[in-house]
Amino acid sequence: MNSAEMEKVLYNHGFSPKDIDALRQHVNKRHISYLVLLEELQKRFIGCCVLILILVGFWIKVWITGSQEDIEAYSFAAFLGIVILYFLAPMKLAVKAFLFLKRNRHLL
């Protein structure tokens, strides 16, 4: 499948023109295919979800066993960590890539 066909498939399955432009820039810059880029985004999404679950798990542990100061400090740190993860991994595109590959692998 060539790039134009792949972009049309992506557009028809929930990706906006802005999303496709961002994907196209990465594909052209790194000289990879759309499928490789979507799989990388899927892996980033899964990795970020695991890290967020770990942060939340530690927050629950601190909430149960810690003092009020510990809870406040860790709440701030966990919130900051989640925000940083959200911006370092393009979560909007990663979620769309994850859902697209999960639902439409047969189209590729």
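Worth saying up front: this structure is predicted, and the values here are computed from it rather than measured.
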Could you state the interatomic distance from [atom1] ([X]) to [atom2] ([Y]), rounded to the nearest 0.5 Å?
| X | Y | atom1 | atom2 | result |
| --- | --- | --- | --- | --- |
| Leu38 | Lys43 | CG | NZ | 12.0 Å |
| Leu101 | Phe45 | CG | CZ | 12.0 Å |
| Asn2 | Lys8 | CG | NZ | 11.5 Å |
| Leu37 | Leu93 | CG | CG | 8.0 Å |
| Phe98 | Cys48 | CZ | SG | 12.5 Å |
| Gln68 | Ser75 | CD | OG | 8.5 Å |

Starting from the C-alpha separation in whole Å, work towards a yes-or-no answer on side chain to side chain contact (heavy atoms under 4.5 Å, CB included) for Leu23 and Leu41.
CA-CA 10 Å; Leu23 292 173; Leu41 286 170; 3.7 Å; yes
Same cluster or not: are [X] and [Y] linked, directly or through other Ile, Leu, Val, Met, Phe, Trp or Tyr residues, by side-chain heavy atoms under 4.5 angstrom apart?
| X | Y | answer |
| --- | --- | --- |
| Val27 | Phe100 | yes |
| Leu10 | Ile32 | yes |
| Val36 | Phe15 | yes |
| Ile60 | Val62 | yes |
| Tyr86 | Leu53 | no |

Full working for side chain to side chain contact (heavy atoms under 4.5 Å, CB included) between Leu55 and Phe79:
CA-CA 9 Å; Leu55 286 173; Phe79 176 75; over 6 Å; no
Side chain to side chain contact (heavy atoms under 4.5 Å, CB included) between Arg30 and Glu40: does it pass, once the steps are laid out?
CA-CA 12 Å; Arg30 297 175 51 202; Glu40 286 180 8; 2.7 Å; yes
Asp19 vs Lys92, test: side chain to side chain contact (heavy atoms under 4.5 Å, CB included). Steps then yes/no.
CA-CA 9 Å; Asp19 296 336; Lys92 181 180 173 186; 4.0 Å; yes
Output all residues satisfying ring pair (Phe, Tyr, Trp, His ring centres under 6.0 Å) with Tyr74, sequence neighbours left out; order by chain, then residue number.
none
Identify whether the distance between the nearest side-chain nitrogen and carboxylate oxygen of Asp21 and Arg24 falls below 4.0 Å.
yes
For the pair Arg44 and Glu39, find out whether any cationic side-chain nitrogen is under 4.0 Å from an anionic carboxylate oxygen.
no
Connected-component partners of Ile84 among ILVMFWY, side-chain separation under 4.5 Å
Phe76, Leu80, Leu88
Are more than 12 heavy atoms from other residues, nucleotides or ligands located less than 6.0 Å from atom CD of Glu5?
yes
